Peer 1: 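Quick one: the structure is below, questions incoming.
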Amino acid sequence: MSYEIVLTGTLPSADEQLLKDVQNRLSLHTDSSMPLHRIDYEFELETIPQVTGLSTIRASGPNERAILRAKRDLTATEGNSPGSEWTLHTYIRPIRKYTRAIVRPCTSIPLLSGDAITFASAMGYRLVSMTTRKGYLFTKGVTSISLYQTVASSGRSYVPNQDIWQIEVMHNITIALPSKTKHVPDDFYLQHGVDVVLSVALLMKGLVDLLPPE
């Protein structure tokens, strides 16, 4: 089972010195940094495909949508990233017992060929919104810290959000399936992941507050 553990924060773009201070502190305490240029797509299920394995995808309530997300890494097309250009991504509700950070089961699948929009359309999904992230990506082990601005799109309208910079701290963890020889509970690994993102929050204290996203 895979999980992502998340904290987020914002800072005003008008304060250029604060932005520089944030960048400098992240650069000093992470392993690497690179440009971030990514498009996030959100899809909504229109019909339930009558295919084994897909027909079980349903909203969990009458007012809830079945959501599929896709990420397109534009730095891959620009030659700055060795990874896949397209990644399908989904997650379910956070685990309630963790209150200091968002902890949620997730699944990410890189597409080795084709594009996610065509793939999602073939499964009966329609595009709901699109958001472009542009900024910087800092990494330390399996923890990534994105510092970016966004441009959101819904239909034909584009809404730039250049008044703020956003920070997203994400720690990814995969826990092996239970076995007879396993003696360490999942909570041990998840709490360790929470401690990791909280250490980033402590590092950034005085510059930006990092909290669980709403």
Side-chain angles (χ1 to χ4, degrees), residues 4-44 65 67-78 80-81 83 87 89-91 93-94 98-104 106 108 127-172 193-214:
E4 58 185 23
I5 303 171
V6 186
L7 291 176
T8 60
T10 61
L11 59 148
S13 61
D15 194 335
E16 295 183 1
Q17 185 58 51
L18 176 59
L19 176 61
K20 290 180 180 179
D21 291 342
V22 169
Q23 290 175 302
N24 289 338
R25 190 170 296 185
L26 289 174
S27 297
L28 287 172
H29 294 88
T30 54
D31 300 329
S32 64
S33 63
M34 63 192 74
L36 171 65
H37 193 189
R38 192 181 85 198
I39 304 178
D40 293 345
Y41 300 85
E42 184 174 287
F43 302 91
E44 182 180 41
R65 300 177 296 166
I67 296 298
L68 176 70
R69 292 172 173 83
K71 302 175 182 179
R72 186 182 184 187
D73 182 7
L74 296 183
T75 62
T77 63
E78 297 163 357
N80 297 323
S81 172
T87 303
H89 183 77
T90 189
Y91 55 79
R93 291 180 177 178
Y98 298 99
T99 58
R100 302 183 68 189
I102 289 293
V103 179
R104 55 196 179 200
C106 66
S108 290
L127 181 63
V128 176
S129 65
M130 180 176 69
T131 303
T132 300
R133 296 185 178 194
K134 195 164 187 179
Y136 310 93
L137 178 65
F138 302 85
T139 59
K140 185 174 184 179
V142 294
T143 303
S144 63
I145 305 169
S146 301
L147 175 63
Y148 63 92
Q149 291 181 301
T150 64
V151 177
S153 170
S154 180
R156 295 183 178 180
S157 61
Y158 293 84
V159 184
N161 189 3
Q162 298 178 346
D163 293 333
I164 61 171
W165 282 85
Q166 300 184 57
I167 300 181
E168 179 184 74
V169 181
M170 182 173 293
H171 181 78
N172 294 100
V194 172
D195 292 340
V196 169
V197 297
L198 289 177
S199 70
V200 178
L202 182 61
L203 172 69
M204 303 308 295
K205 191 173 182 179
L207 294 178
V208 58
D209 293 328
L210 296 173
L211 301 169
E214 296 181 356

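Note that the structure is predicted; figures quoted are calculated from it, not measured.
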Peer 1: Of the non-hydrogen atoms in E4 and Y91, which two are nearest, and what is the gap between them?
Peer 2: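 That closest heavy-atom pairing would be OE2-CD2, 3.5 Å.
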Peer 1: Write down the atom of V169, the atom of V200, and the distance for their closest heavy-atom approach.
Peer 2: CG2-CG1, 3.8 Å
Peer 1: Using 0.5 Å steps for rounding, measure from the CZ atom of R72 to the CG atom of D40.
Peer 2: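 The distance works out to 12.5 Å.
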Peer 1: Could you check I145 against T30 for side-chain contact (heavy atoms from CB on, under 4.5 Å), going step by step and ending with a plain yes or no?
Peer 2: CA-CA 9 Å; I145 305 169; T30 54; 4.1 Å; yes
Peer 1: Is the backbone N or O of G141 less than 3.5 Å from a side-chain atom of D31, with the two atoms forming a donor-acceptor pair by type?
Peer 2: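 Pair found, side chain donor or acceptor close to backbone of G141.
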Peer 1: Measure the OG-CD distance between S129 and E44 for me, rounded to the nearest 0.5 Å.
Peer 2: 10.0 Å
Peer 1: Evaluate the criterion side-chain contact (heavy atoms from CB on, under 4.5 Å) for residue pair L11 and L207; output intermediate values, then yes/no.
Peer 2: CA-CA 8 Å; L11 59 148; L207 294 178; over 6 Å; no
Peer 1: Quick check for you: to the nearest 0.5 Å, what is the distance between L211 atom CG and R100 atom CZ?
Peer 2: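 One finds 11.0 Å between CG of L211 and CZ of R100.
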Peer 1: What's the shortest heavy-atom distance between V128 and F43, and which atoms?
Peer 2: CG2-C, 4.0 Å
Peer 1: Would a distance-only check, ignoring hydrogens and angles, find a side-chain to backbone donor-acceptor pair under 3.5 Å from R25 to L203?
Peer 2: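 Yes; judged by distance alone, with no hydrogens or angles, the pair exists.
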Peer 1: Taking C-beta and beyond as the side chain, do T8 and Q166 meet within less than 4.5 Å on heavy atoms?
Peer 2: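 No. Closest side-chain heavy atoms not under 4.5 Å.
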Peer 1: List the atom of P213, the atom of I102, and the distance in Å for their closest heavy-atom pair.
Peer 2: CD-CG1, 3.4 Å
Peer 1: Measure the shortest side-chain to side-chain distance between I167 and L210 over non-hydrogen atoms and say whether it is less than 4.5 angstrom.
Peer 2: yes
Peer 1: Can you tell me how far CZ of R133 sits from CZ of R38, rounded to the nearest 0.5 angstrom?
Peer 2: 4.5 Å
Peer 1: Supply the atom-to-atom distance T132 OG1 to Y148 OH, rounded to the nearest 0.5 angstrom.
Peer 2: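 Atom-to-atom, T132:OG1 and Y148:OH are 12.0 Å apart.
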Peer 1: Between CD of Q149 and CG of D163, what distance do you get to the nearest 0.5 Å?
Peer 2: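 Result: 8.5 Å between the selected atoms.
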Peer 1: Do the side chains of L7 and L198 get nearer than 4.5 Å, heavy atoms only?
Peer 2: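 Side chain of L198 against side chain of L7, heavy atoms only: contact under 4.5 Å found.
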Peer 1: Which atoms form the tightest heavy-atom contact between P12 and L18, and what is the distance?
Peer 2: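 For P12 and L18, the tightest heavy-atom pair comes out as CD-CD2, 4.2 Å.
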Peer 1: Quick one: side-chain hydrogen bond (donor to acceptor under 3.5 Å, both in side chains) pairs with a partner in residues 195-214, sequence neighbours left out?
Peer 2: Q191-D195
Peer 1: Specify the closest pair of heavy atoms between S146 and L137, including all atoms of both residues, with the distance to one decimal.
Peer 2: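 Closest heavy-atom pair between S146 and L137: OG-CD1, 3.5 Å.
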Peer 1: Would you say that V22 contacts L147 through its side chain, given a criterion of any heavy-atom pair below 4.5 Å between the two side chains?
Peer 2: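 In short, these two side chains touch, coming nearer than 4.5 Å.
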